[in-house]
2 protein chains.
Amino acid sequence: MSCKVILSKEISSSYREELKATIKSRGIKPKLVGFLANEDPSAIKYAESTSKTCEETGVVFELRKCDKEQLEDQIIEANDDDSIHGIMVYYPVFGDRQDQYLQNVVSVSKDVEGLCHKYIYNMYHNKRFLDEKQTMKCILPCTPLAIVKVLEYIGVYNAVLPYGNRLHGRVITIINRSEIVGRPLAALLANDGGKVYSVDINNVQEFHRGTGLKLKRHEVRDTNLKIEEILPVSDVVVTGVPTPSYKVPTGSLRDGVIAINFSAFKNFEDNIKEKASIYVPAIGKVTIAMLERNLLRLYDYYNCQSS
Amino acid sequence: MSCKVILSKEISSSYREELKATIKSRGIKPKLVGFLANEDPSAIKYAESTSKTCEETGVVFELRKCDKEQLEDQIIEANDDDSIHGIMVYYPVFGDRQDQYLQNVVSVSKDVEGLCHKYIYNMYHNKRFLDEKQTMKCILPCTPLAIVKVLEYIGVYNAVLPYGNRLHGRVITIINRSEIVGRPLAALLANDGGKVYSVDINNVQEFHRGTGLKLKRHEVRDTNLKIEEILPVSDVVVTGVPTPSYKVPTGSLRDGVIAINFSAFKNFEDNIKEKASIYVPAIGKVTIAMLERNLLRLYDYYNCQSS
């Protein structure tokens, strides 16, 4: 079998080592608080691995369980607590627009998940720095950022091309268009020069910067394409369908495709290894590393004076 | 313009530096003899730049001009001369099968161009070493090898994949099927896992190792495809058409294509930079570096005892 399976542990290890070394050498104690207001078993599992990784790398992690109705007040309290440097929430909480409201209750200075309007706005507009002098990089949402790091690690980003254009020539299909992962990811990859097909249950959208990357940031258009038409022309297929029954048909994929799954369920068929050149079955550990990396950024941006 | 133009000087520089350092530190004087038996201006130009590069890197280069009819005897004489470590011939000489005969007159131990039957056979059969213990790598033909190095440099080979499979998932069109460059190049790239379309005036052939690289070495099949059908699906287009009038239509190429020209004429239109992500207009300097690299290999394999 010629397929190379790459585990998220391998991809995340250099980031974890760097985080650990930085925290140790600087003698700092960045603190992250996670709010769990649901009974979702995958959220609980994610919280457990976050706790474990934080302990390993030197981040203080505190999980606070609460009722949905208390959550807003609890976030506000954490916003005001100088000993806390980062706040995250295990979504979905209400599963509707109220979740989006809660994302904006988290202080910009503590939003390790990069889900508040300011960060999301900058990301969609391909604005990469928070300040004019370009010293403070924007915070990017953890899971899309983790997928970018996966794509860098496995050679999809071409380092020969200039920063910001390194996906030029790549065709990437993303099966998921959630506001938390799929849609921001499509924007990020298109901003970096890729031609991205974004698939949800309704249609296929194309995110791109035009021929020769003539646009500064991506634009989106609806297409009439079917998923069976785009899979054979995709270099990379990224899936995040949250159901155990959904499977990408291996037969439709291009030989040598790069297959990445970020769903808690296996979205690729067992025979994916017969056709893919690279298969990344999960990305959880990279996401946690990015969460911590964002925490350290925010610590430096907003808390250095007070520590 | 987002296209990155990469010159062969940049690509070859690390090889030239390495050659220079190796030759200097070992205090050796490898000697290359080039036979010129035609009046082809591009051969004369190539001989001049070979001479210049050899001088820079510490290789002794001697150009011997002779009549076509004398060439065979002159090669045999050079074969027997222990002070000569490498022999090359500027083809075409007769422009027919007699050239292929001459390629086999050059001693295996001095064939820096990698054009004798033994090296060509090994290359087509994806046999990478000369010995059982795998200490002596095979000599590969210079120009195809140079194109491999160009593809490595510009990120087409994926170093995350195992050696020998690093082009898995890549679709590469080669417009040229000469015995010296196009056909061996198609075989090399297919052996490394690529799906290669080889185009000549008669048809399009496909060189590949099958779905999931199930074959150990490439196989070839004729197709009924037209060039207009394969250009839009090609990640990389390599051209070597020896006429000034031939141009690849930019309009047919995939946005973000990687365009490489090894012809002495510009085979891409001037607007290629509006569509390509990477454009390599010439590869001559890399070819000369590979010629010297082959010379050093042969020096080590066959001449170390006597020097």
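Protein chains get the first letters and strands the later ones, always in sequence-line order, with residue 1 at the start of each. On a predicted model such as this, the values are computed, not experimentally measured, just so you know.
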A.B. asks: Atom CG of residue position A:D270 - does it have more than 12 heavy atoms of other residues, nucleotides or ligands inside 6.0 Å?
C.D. replies: no

A.B. asks: Nearest 0.5 Å, please: how far is OG in A:S277 from CG in B:L161?
C.D. replies: 5.0 Å

A.B. asks: Which one of B:I258, B:V171, B:V156 has the most heavy-atom pairs closer than 4.5 Å to chain A?
C.D. replies: B:V171

A.B. asks: Should the heavy atoms of other residues, nucleotides or ligands under 6.0 Å from NZ of B:K149 be counted, would the total exceed 12?
C.D. replies: yes

A.B. asks: Donor-acceptor pair, B:N158 side chain versus A:I154 backbone, under 3.5 Å?
C.D. replies: yes

A.B. asks: Most heavy-atom pairs under 4.5 angstrom with chain A, which of B:D235, B:V257, B:V233?
C.D. replies: B:D235

A.B. asks: Around atom CG of B:D222, are there more than 12 heavy atoms from other residues, nucleotides or ligands closer than 6.0 Å?
C.D. replies: yes

A.B. asks: Pick one of side chain, backbone, both or neither for B:A159, based on which atoms fall under 4.5 Å of a heavy atom in chain A.
C.D. replies: neither

A.B. asks: Would the distance check show the side chain of B:K4 and the main-chain N or O of A:P162 forming a donor-acceptor pair, the cut-off being under 3.5 Å?
C.D. replies: no

A.B. asks: Surrounding NZ of B:K247 (heavy atoms of other residues, nucleotides or ligands, distance under 6.0 Å), is the total greater than 12?
C.D. replies: yes

A.B. asks: What do you reckon, is NZ of A:K266 surrounded by more than 12 foreign heavy atoms closer than 6.0 Å?
C.D. replies: no

A.B. asks: Under a 4.5 Å heavy-atom cutoff, which of B:V160, B:D255, B:L167 has the most pairs with chain A?
C.D. replies: B:D255

A.B. asks: Are there residues of residues 206-216 of chain B whose heavy atoms fall under 4.5 Å of chain A's heavy atoms? If so, which?
C.D. replies: B:G210, B:T211, B:G212, B:L213

A.B. asks: Within a reach of under 6.0 Å around CZ of A:F129, are more than 12 heavy atoms found that belong to other residues, nucleotides or ligands?
C.D. replies: yes

A.B. asks: Where do A:H168 and B:S2 come nearest, in terms of heavy atoms and distance?
C.D. replies: CE1-OG, 3.6 Å

